[in-house]
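Keep in mind that the numbers below use all heavy atoms, side chains included, and drop hydrogens, waters and symmetry copies. Just so it is clear, the model here is predicted, and its values are computed rather than measured. All chains are named by letter (A, B, ...) in the order of the sequence lines, taking the proteins before the strands, and each is independently numbered beginning at 1.
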Number of protein chains: 2
Amino acid sequence: MMVSIKEVAKRAGVSPGTVSNVFSGKRAVKPELARRVREAASELGYEPDRAASQLRAGKARIVGVLVPDLNNPFFTSLIASLEAHARNEGFDIIVASSHGKVDEEAARLGALLAWRPAGLVVIPCTDDFVSEELLERVGIPFIVADRVPSSFAGDAVSVDNVEIGRRAAEHLIGLGHRHFVVAASTLKLQNIRERCQGIEAALMRFELDPPTLIEVGLDFDIARPQLGVFMEGPQQATAFIALTNFATLAILWSAHKSGLSIPSEVSVVGFDDFSWMQAVSPALTAIRQPVEAMGQAIWKQLSARIGGASHGPMRTKLICDLVVRGSTAPPPGDNSGKPRVRVPAGRA
Amino acid sequence: MMVSIKEVAKRAGVSPGTVSNVFSGKRAVKPELARRVREAASELGYEPDRAASQLRAGKARIVGVLVPDLNNPFFTSLIASLEAHARNEGFDIIVASSHGKVDEEAARLGALLAWRPAGLVVIPCTDDFVSEELLERVGIPFIVADRVPSSFAGDAVSVDNVEIGRRAAEHLIGLGHRHFVVAASTLKLQNIRERCQGIEAALMRFELDPPTLIEVGLDFDIARPQLGVFMEGPQQATAFIALTNFATLAILWSAHKSGLSIPSEVSVVGFDDFSWMQAVSPALTAIRQPVEAMGQAIWKQLSARIGGASHGPMRTKLICDLVVRGSTAPPPGDNSGKPRVRVPAGRA
DNA sequence: GTGAAAGCGCTAACAA
DNA sequence: TTGTTAGCGCTTTCAC
C-alpha cells in the first residue's frame with residue numbers, strides 16, 4: 001500500500017541512506033542525485049513514515065495536547081493557535097480530552113505518552129494536577145497552561161488573573177455600581193479564585209461590600225435559581241461579572257428569564273471575548289484572554305525545551321484586555337452618567 | 001528515559017514476547033506470569049510505544065482529522081465527538097487544519113498520511129476536493145464529512161441541506177414573511193448551495209419572489225454594507241436566514257447597527273445551535289446540526305472500514321432540527337399573529 | 001504457554 | 001559524497 005524508502009532508493013538507483021538524506025536534509029546530497037530521488041519519490045507517491053523515523057532517530061516531531069474539554073471554545077482556540085505554530089516547525093499535534101475528570105486525565109496522558117511525543121501541553125482539570133509526578137518522572141518537556149496550580153513550579157503559561165478581576169471590578173465601580181455578583185462555573189480552580197481575589201481587592205479598596213460568589217456549574221437550570229435570587233427581590237445586585245465563558249451565558253440567560261434589561265437595569269461583564277459577543281445586542285463588555293499570544297508563548301517555551309533548554313522554570317503571565325461595549329452602564333437611579341465613586345489618585 | 005519492553009521482560013523474568021502478549025492480549029499467558037509482568041511494568045512506569053508497535057504490526061491505532069478551521073466551533077465540536085468515540089475503541093486522533101486553503105489541505109494531508117493512520121476524516125475546504133485522488137491511491141479508509149461535493153462517490157456523512165433550507169423557509173413563510181435575504185460566508189460550497197435550493201424551492205412553492213443571496217465573507221466590515229442595503233431603505237427585507245455560523249453573527253451585528261429590533265422588525269434564523277444562542281435576548285431561532293450524531297456516524301463508518309468492510313459507499317445524511325425561539329415572529333404590519341400564507345394540504 | 005529470532009521503515013555510524 | 005550495516009521497540013512467526 002504505502003511505499004517505503006527502499007523502493008524509492010531502488011527506483012532512483014541510490015541507497016536508502018541517500019534517500020533519507022535527501023528528505024531530512026541532514027547530509028548534503030549531490031543535486032543530480034537529489035533530483036532523481038525526488039522524482040522517484042513523487043512518482044511513487046512516497047511520504048516518509050514518521051513513526052519509523054521517530055523510532056530510529058529517537059526524536060519525535062509530534063506534541064500532545066491535553067485539555068479538559070474540546071467543546072470549550074477557549075481551549076479549542078488555544079489548540080488552533082498551537083497547531084499553527086507547531087506546524088510551522090514541522091510538528092504535528094495529537095489531542096486528547098480529559099473530560100474534566102482526574103482519572104481520565106491520567107489515562108489520556110498515558111495514551112499521549114505512548115506516542116513518545118517531543119513535548120506536551122497540559123491544561124489540568126483540577127488544581128491537584130496529579131499527573132505532574134508522572135510527567136516529571138518521564139522527563140518529557142511539558143508546559144502547564146491556563147490553569148496553573150500554585151503548587152506547580154515548572155514551565156507555565158497563564159494570564160494575570162488577579163489583574164483581570166481588578167480591571168473588571170474597577171470598570172463597574174467607576175460606573176457607580178455597589179452590589180456585585182460574581183459567577184463562575186466552579187470556584188475550585190486556582191485561576192478562578194485569583195480572579196475573585198482581584199475583584200475583592202478592588203471592592204475593598206473602595207470600601208464596598210464584598211461580592212457574592214456563585215458557583216453556577218455547567219447547566220442553565222442549575223445556574224438559574226442561584227442567579228435569580230440576585231436578579232429579583234431584596235438582594236438585588238446591579239453588577240454581574242462572569243469568570244468563565246459558561247458563566248457568561250448563565251448570567252445572560254438568567255437576566256433574560258428575570259426580564260431584566262441590560263445595561264439599564266443590570267450591567268454584565270462577560271468572560272472570554274468570542275465573536276458572538278460583539279454581534280448580539282447589547283454587545284457584551286467582556287474580559288478578553290489573549291488566546292493567540294498564549295498559544296505563541298506556550299509554543300515558544302515548549303519549543304525551547306524540546307531544543308534542549310535546561311535552565312530554570314519558564315513562566316509567562318499575560319495581561320487580558322477589558323473590552324468595553326454596551327452591556328455595562330451606570331446602575332439604575334444613577335442619572336449622572338459620571339462615576340459615583342472617585343478612583344483614588346495614583347491608580348487608573 | 002522511557003522504559004522499553006525488554007527492561008520489563010528482564011525484571012519480570014520473562015521474554016519480551018510474553019510481555020507483549022500480556023499487554024496485547026493476543027495470546028494467552030499464565031496468570032502468574034501475567035501478574036509478574038504487570039507488576040514489573042507498573043513499577044517501571046512502562047507504557048508500550050505505539051509508534052514501534054504500529055511499525056511492526058502494520059496496523060495503526062490513530063486516525064487523522066483534517067478540518068478547514070480549528071476556530072470554527074462546529075468543526076471543533078465534531079472533533080470532540082469523534083475524539084470520544086475513537087478513544088472508546090483505543091484510537092488516538094491527530095488533528096490538522098487546512099486553514100481553508102487547497103494547497104495547505106494537500107500539505108496537511110501528506111503530513112497526516114506520514115503517520116500511517118488507520119483512517120482519516122476529512123472536511124474539504126472546497127468542492128474540488130483535489131485530495132480525493134491521493135487518498136484513493138493510498139488506500140487508507142477515509143470519510144468525507146459535512147462538505148460532500150456532488151462529484152464525490154465514496155463514504156460520506158453530511159446533513160440533509162436541502163431539507164434544512166426548506167424548513168427554515170417554511171417556518172418564516174408560515175409567519176407571513178415575503179421578503180427573504182439569505183446570507184452565507186460563501187456560496188461556493190455545494191452544501192451551502194443545497195441549503196439555498198431548499199429555501200428557493202419553498203418560496204417558489206408559495207409563489208413568492210426568490211430570496212436575495214448574499215456572500216458575507218468572514219469579516220464583519222465586509223458583511224455589513226451588503227446586508228445593510230436590505231435592512232434600510234427601499235429594498236428592505238423582513239426575513240433573514242443565515243446558512244453558516246458566521247453569517248448568523250453578521251446578520252445580528254448588522255441588524256444591531258441598523259437599529260432594527262428583532263423580531264418585531266426583522267426575523268432572524270441562525271445557523272448552528274450554539275449555547276450562546278439560547279442565552280441572548282431574544283433567544284435565537286436556529287438550525288441545529290446534529291453534531292454528536294454526525295460524529296457518531298462518521299466513527300461508525302470509519303470504524304467499519306478500518307475493520308475491513310469492503311462493500312460499496314456508505315452514505316449517511318442526517319436531518320437537522322429547526323429550534324424555534326424568540327428571533328422569529330410575524331413581519332411588521334401583520335398583527336394577526338396567524339400565518340398569512342396557508343400551507344398547502346399534504347405538507348407540514 | 002513460552003522463548004528465540006527476524007524484521008517493520010527508518011536513520012546514524014562507519015567505511016569506502 | 002555515497003553505500004553498507006546495525007538497531008530503535010515492538011510483534012510475530014517458528015520451534016519447543
Side-chain angles (χ1 to χ4, degrees), chain A residues 1-38 40-41 44-62 90 110-111 113-118 138 140, chain B residues 1-38 40-41 44-62 90 110-111 113-118 138 140:
Chain A
M1 216 87 80
M2 290 254 47
V3 23
S4 87
I5 204 169
K6 279 189 195 162
E7 306 169 55
V8 177
K10 193 176 295 176
R11 191 182 239 271
V14 297
S15 75
T18 301
V19 177
S20 171
N21 288 330
V22 169
F23 282 96
S24 70
K26 294 216 167 177
R27 301 174 89 79
V29 176
K30 261 207 195 120
E32 163 58 11
L33 279 195
R35 197 192 53 72
R36 266 175 28 214
V37 167
R38 283 185 208 288
L44 264 32
Y46 170 73
E47 182 85 40
D49 182 326
R50 298 187 80 151
S53 156
Q54 132 166 11
L55 177 60
R56 175 61 241 240
K59 51 179 77 173
R61 292 207 140 252
I62 189 163
L113 253 15
W115 289 101
R116 308 292 188 261
V138 171
I140 286 178
Chain B
M1 216 87 81
M2 289 253 48
V3 25
S4 85
I5 204 170
K6 278 187 197 164
E7 306 168 57
V8 178
K10 191 177 294 177
R11 193 183 238 273
V14 297
S15 76
T18 301
V19 177
S20 172
N21 288 330
V22 169
F23 282 96
S24 70
K26 294 215 169 177
R27 302 174 86 79
V29 175
K30 261 204 195 123
E32 163 58 10
L33 279 196
R35 196 191 54 71
R36 263 170 37 208
V37 167
R38 283 186 208 288
L44 295 169
Y46 170 72
E47 182 86 38
D49 182 325
R50 298 188 81 150
S53 154
Q54 133 167 11
L55 176 60
R56 177 60 240 242
K59 51 179 79 173
R61 292 205 139 256
I62 187 164
L113 254 15
W115 290 100
R116 307 292 187 262
V138 171
I140 285 178

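As a whole-Å value, the separation of A:R61 CZ from C:dT11 C1' is 14 Å. Here D:dC8 presents its P atom at 11 Å from CD of B:E7, a figure rounded to the nearest Å.
Taking the C1' atoms of five terminal pairs at each end of the helix from C:dG1-D:dC16 to C:dA16-D:dT1, the two resulting helix axes are inclined by 40°, rounded to 10°.
With rounding to the nearest 0.5 Å, the separation of CZ in B:F23 from OG in B:S53 is 12.0 Å. In this structure, CD in A:E47 is found 6.5 Å from CG in B:L113, a value given to the nearest 0.5 Å. Taking NZ of A:K30 as the reference point, atom OG1 of A:T18 lies at 11.0 Å (rounded to 0.5 Å). Annotation: the span from B:N21 atom CG to B:S15 atom OG amounts to 8.0 Å, rounded to 0.5 Å. Distance check: B:I5 CD1 to B:L44 CG gives 12.5 Å after rounding to the nearest 0.5 Å.
Between B:V138 and A:M2, the closest heavy-atom pair is CG1-SD, 3.8 Å. Minimum interatomic distance between A:R36 and A:G13 (heavy atoms only, all atoms of both residues): NH2-O, 3.7 Å.
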Strictly under 4.0 angstrom, non-hydrogen atoms only: write out the protein contact profile of nucleotides 9-16 of chain D, one letter per nucleotide from the 5' end, B, S or -. BBBB----

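A:R35 meets the side-chain contact (heavy atoms from CB on, under 4.5 Å) test with A:E32, A:E39; sequence neighbours excluded.
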